[in-house]
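Notes follow once the structure below has been shown.
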Protein chains: 2
Amino acid sequence: MLKEISIGEAAKRSGVKVPTIRYYEQIGLLAAPARTDGNRRHYEDTDIRRLAFIRHARELGFEIDAIRTLLHLQDDPNQPCETADGIANARLVEVEQRIRSLNALKAELELMVEGCRHGKVGECRVIEILADHGKCAHPHH
Amino acid sequence: MLKEISIGEAAKRSGVKVPTIRYYEQIGLLAAPARTDGNRRHYEDTDIRRLAFIRHARELGFEIDAIRTLLHLQDDPNQPCETADGIANARLVEVEQRIRSLNALKAELELMVEGCRHGKVGECRVIEILADHGKCAHPHH
DNA sequence: GCTACATGCTCTAGTGACTAGAGGAGCAAG
DNA sequence: CTTGCTCCTCTAGTCACTAGAGCATGTAGC
């Protein structure tokens, strides 16, 4: 007979922490599992896969609501995948934007650190650049 | 005589929203300004600069606590700027790390979107990749 | 002076996505 | 049988705001 999967075991296998699993159940992202006699949750393999799916999507920066939609799609494999495609595309655009602004920021931070000649704060470029946005190398953020 | 700067005007000039300015006052990031007869806040140019400083630092991803430290440094320009330099440097390392992981993520999202042939969800790569981490292009996240 | 209406005030509560802790029960090993 | 781990529920806290209620004040047109 199969050993039942406890919440701790589910956490280990899926990479989602125990309180987070309970939280996902609470917000309806994961169905409430069956309980043992002692009122403990026990999970099936499908639950583990669902949790891994959620974890992966969270790591990719998808919001819970987007994940909810993706999970609905997954549950009904005959739907056209345009919705999923759209969600992933929107996220891609976001990520590209974020990379651009982080690159601008990196240039600026390098300028700051480089400009700091370890003197007094009065001549420190970190403070100076932060105080005056006009001194930014890339002022478009 | 100078026109007094209202909170709304301060918001416009600094780029920090009105409720956020009040919030910054509440958490002690910005000193409580003088009030008019009618109990309205009015600001000085130094306050506007401080707000712009905060806004800029927030955009650069500095946390409020780091900003608080930077502001203390700014208030006392005879301190060595190593502390400010250290904060900026730590932030630079973070930003570089974040750019790297976002690039990995971008690759993965592109793979997903590209792989989606606008068919049914059953064969959708977006769903598939999310469900199985092993399919990632860059599995190191 | 009167009437709108914008802007300001304080206060409380809500957001997202968890995380931490209290206080107790169940369970396996020695 | 006791020790210690995992589990249970419940509430409250985190960060950096944001939203809204219910009032007071200021300003522009008539």
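Not measured: the values here are computed from a predicted model. Per chain, numbering begins at 1; letters A, B, ... match sequence-line order.
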Closest non-hydrogen atoms of B:Ile48 and B:Ser14, given as atom of the first, atom of the second and distance, are O-CB, 4.1 Å
Does C:dG8 have OP1 or OP2 under 4.0 Å away from a side-chain N or O of B:Ser6? yes
Under a 4.0 Å heavy-atom criterion, the protein footprint on nucleotides 25-30 of chain C, written with B, S and -, is BBS---
Sort me out a list of protein N/O and nucleotides 12-14 of chain D N/O pairs below 3.5 Å, or just none if empty.
none

Quiz item: Quick one: is C:dT19 close enough that its OP1 or OP2 comes under 4.0 Å of any side-chain N or O from A:Lys17?
Solution: yes
A:Glu63 atom CD is separated from C:dT15 atom C1', nearest whole Å, by 11 Å
A:Ile67 atom CD1 is separated from C:dG16 atom P, nearest whole Å, by 13 Å
Sorted by chain and number, sequence neighbours left out, side chain to side chain contact (heavy atoms under 4.5 Å, CB included) with B:Gln26 holds for none
B:Ile54 CD1 to D:dA16 C1', in whole Å, measures 13 Å
Between OH of A:Tyr43 and C1' of D:dC8 the distance, given in whole Å, is 12 Å
Rounded to whole Å, CZ of A:Arg58 lies from C1' of C:dG16 at a distance of 8 Å
Next on the checklist: Tell me if a side-chain donor or acceptor on B:Arg58 pairs with a main-chain N or O of B:Phe62 at a distance below 3.5 Å.
Outcome noted: yes
Taken to the nearest whole Å, NZ/A:Lys12 to C1'/D:dC7 is 13 Å
Residues passing the side chain to side chain contact (heavy atoms under 4.5 Å, CB included) test with B:Glu96, sequence neighbours excluded, are A:Lys106, A:Glu110, B:Leu92, B:Arg100
Quiz prompt | Within-4.5 Å side-chain heavy-atom neighbours: B:Asp45 and B:Arg13 | solution = yes
Residue set satisfying side chain to side chain contact (heavy atoms under 4.5 Å, CB included) with A:Ala52, at least two apart, ordered chain then number -> none
Whole-Å distance, A:Phe62 CZ to C:dA17 C1', equals 17 Å
With sequence neighbours left out, the residues meeting salt bridge (Lys or Arg N to Asp or Glu O under 4.0 Å) with B:Arg68 are B:Asp65
Rounded to whole Å, CZ of A:Arg41 lies from C1' of D:dC8 at a distance of 7 Å
In terms of heavy-atom contacts, B:Val18 and B:Ala11 come closest through CG2-CB, 3.6 Å
Separation between NZ (A:Lys17) and CG (A:Leu51), nearest 0.5 Å, reads 14.0 Å
Those residues at least two apart in sequence (or on a different chain) that pass side chain to side chain contact (heavy atoms under 4.5 Å, CB included) with B:Glu25 are B:Ala32, B:Pro33, B:Arg35, B:Arg41, B:Tyr43
Residues at least two apart in sequence or cross-chain that pass side chain to side chain donor-acceptor pair (under 3.5 Å) with B:Arg40, listed by chain then number, are none
Note: contacts of residues 19-30 of chain A with DNA chain C (heavy atom, under 4.0 Å) are A:Thr20, A:Tyr23, A:Tyr24
- Report yes if a side-chain nitrogen or oxygen of A:Arg68 is closer than 4.0 Å to either non-bridging phosphate oxygen (OP1 or OP2) of C:dG16; otherwise report no. no
